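As structure tokens, the structure follows; a few thoughts come after it.
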Amino acid sequence: MTERPQIVHPMLAAGTRYRWDKVRDQHQLVFPEGMIVLNESGTAIVQLCDGRSTNDLIATLKNTYPGSEPADDVHAFLGQLADRGLLRDGPAT
Amino acid sequence: MDQLPRPLALLAEVTYRCPLQCPYCSNPLELEKYRQELDTATWLRVFEEAAELGVVQLHLSGGEPLVRRDIMELVRGASRVGLYTNMSTGATVVDDTMLKRLHDAGLDHLQVSLLDTEPESNDRLANARSFDRKRDAVLGAKKLGFPVTLNVVLHRQNLDRIGEVIALAQEWQVNRLELAHTQYTGWAFLNRAALMPTREQLAHAHDVVEQARAAGTRGVDILHVLPDYYFEKYPKACLQGWGMVSMSVAPDGLVLPCQTAREIPGLEFPSVTDHSLQDIWENAPIFNRFRGTDWMPEPCRSCDQREIDFGGCRCQAFLMTGDVTATDPICTLSPDHHLVEEALQEAQRSDPPLQFRVMSSRPVAG
């Protein structure tokens with residue numbers, strides 16, 4: 001089992017890119033030999049992977065979507081991305 | 001018939017020129033016949049059309065793509081139209097300056113080939129000094145922030161060192177390691193008797209990889225697909241069938257459903273110099289011919305597996321049986337399955353010298 005260190009400031013790993021596919025009308029995360037189709041909430045999370053801390057990311061989502069409790073979804077989704085090697089830890093702010 | 005899928009991937013073989021002579025190259029045998037190369041403007045148009053058609057991933061390859069003097073412009077152009085750009089290189093013509101330029105041009109992912117774990121054995125297989133430059137390219141690319149895949153083609157002459165290959169990939173800290181068992185088309189088909197491994201070698205390789213995975217691969221994603229000829233009952237779904245998810249453009253502009261399809265005589269392939277990529281994808285006879293299952297002869301035609309493996313590999317079917325529509329002989333249900341057994345036995349019996357990939361217009365003796 002591959003162990004991955006905890007990521008505090010999630011950013012997309014080198015070579016992992018978000019793109020909007022205008023031909024298929026879908027959000028995508030593209031990386032070597034692979035692609036994930038993102039839904040709206042996955043896209044919102046990915047677009048906040050700019051080096052802010054995970055806690056700040058969750059806080060931003062709560063602000064954008066009042067009444068939501070995104071923490072569990074955010075941790076689960078980021079965990080999946082991390083398991084696939086698609087995230088790296090940005091510098092501490 | 002279902003709505004036509006749009007391609008996800010385009011393989012752009014921008015040249016057949018290459019300083020290495022790997023004996024399993026999938027390029028054609030008579031390389032001198034194909035010296036014609038598309039110009040910059042045409043490739044840029046192809047990339048634009050690919051993006052409009054829905055291609056997500058572009059694979060720049062060859063030969064050696066970096067021998068093209070316009071390669072930076074090609075990378076920039078592909079990047080600008082939103083394609084995710086991968087490049088496969090033998091890395092002998094690259095240095096840190098060139099890597100930086102590729103990075104600035106927008107290249108997303110670099111794949112470096114390696115033939116064996118030591119300079120002597122690597123260079124012998126490539127028939128060229130190349131090990132040091134490959135290593136330097138991997139390390140340099142990592143420093144620049146590229147994701148790097150190390151691609152090692154496996155066969156009888158290096159398979160016993162698969163454990164050392166994994167260790168080397170970990171030492172160099174590549175992101176991905178592709179352990180790619182030789183596919184017997186092109187030059188690999190010519191050298192098949194020298195390259196085919198034994199069943200024992202393959203079983204050992206499988207064990208080594210599984211042990212490495214269990215021990216933790218230290219950040220290296222390992223892709224290891226065992227070849228189909230020993231252990232499988234049914235063939236692999238090659239490219240999900242022709243004309244389903246990918247297409248290939250050869251250096252002279254010929255568009256192929258599969259990069260090795262051009263070695264099948266009697267097939268006609270369209271050219272980007274005459275048609276748009278969309279027109280070809282949707283309307284070219286060669287792209288439609290093997291879509292769906294109507295083209296299949298028995299036993300594929302009424303087989304439950306037909307929409308899972310699409311009858312296997314067309315190129316392999318042709319090379320072994322002479323009939324491009326035949327069931328891939330790998331399949332245990334194929335009436336030609338004995339041809340696989342015969343090839344395996346021939347490979348056990350003989351150890352011919354390797355014929356290295358050279359540019360020649362004379363037919364290469366088999």
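The chains referred to below are lettered A, B, ... by the order of the sequence lines, with proteins before strands, and numbering in each begins at 1. Here the structure is a predicted model, which means the values were calculated and not measured. When reading the values below, keep in mind they use all heavy atoms of this one structure, side chains included, and skip hydrogens, waters and symmetry mates.
- Of all the listed residues (B/Glu52, B/His59, B/Arg176, B/Gln111), the one sharing the greatest number of non-hydrogen pairs under 4.5 Å with chain A is B/Arg176.
- Within a 6.0 Å sphere centred on CD of A/Gln28, heavy atoms belonging to other residues, nucleotides or ligands number more than 12.
- For A/Asp25, the CG atom is densely surrounded, since the number of other residues' heavy atoms within 6.0 Å is greater than 12.
- Side-chain atoms of A/Arg19 do not come within 3.5 Å of backbone N or O of B/Val56 as any donor-acceptor pair.
- A donor-acceptor pair under 3.5 Å is formed between the side chain of B/Gln57 and the backbone N or O of A/Phe31.
- Proximity to chain A (any heavy atom under 4.5 Å) is restricted, for B/Asn86, to the side chain, taken from C-beta onward.
- Neither the backbone nor the side chain of B/Val148 comes within contact range of chain A, judged by heavy atoms closer than 4.5 Å.
- When atom types are taken as modelled, the side chain of B/Tyr84 and the backbone of A/Gly15 share a donor-acceptor pair closer than 3.5 angstrom.
- For A/Gln47, the CD atom sits in a packed shell: over 12 heavy atoms of surrounding residues, nucleotides or ligands are nearer than 6.0 Å.
- Dense packing is recorded around CZ of A/Arg88, with more than 12 heavy atoms of other residues, nucleotides or ligands lying under 6.0 Å away.
- In this structure, chain A has a heavy atom under 4.5 Å from the backbone of B/Leu83, while its side chain stays farther away.
- Of all the heavy atoms in A/Ala14 and B/Gly145, the pair that sits closest is CB-O, 2.9 Å.
- When all heavy atoms of B/Leu8 and A/Met35 are compared, the closest pair comes out as CD2-CE, 4.2 Å.
- At a 4.5 Å heavy-atom cutoff, the contact between B/Ala51 and chain A is made by backbone atoms alone.
- Heavy atoms closer than 4.5 Å to chain B are found in both the backbone and the side chain of A/Glu33.
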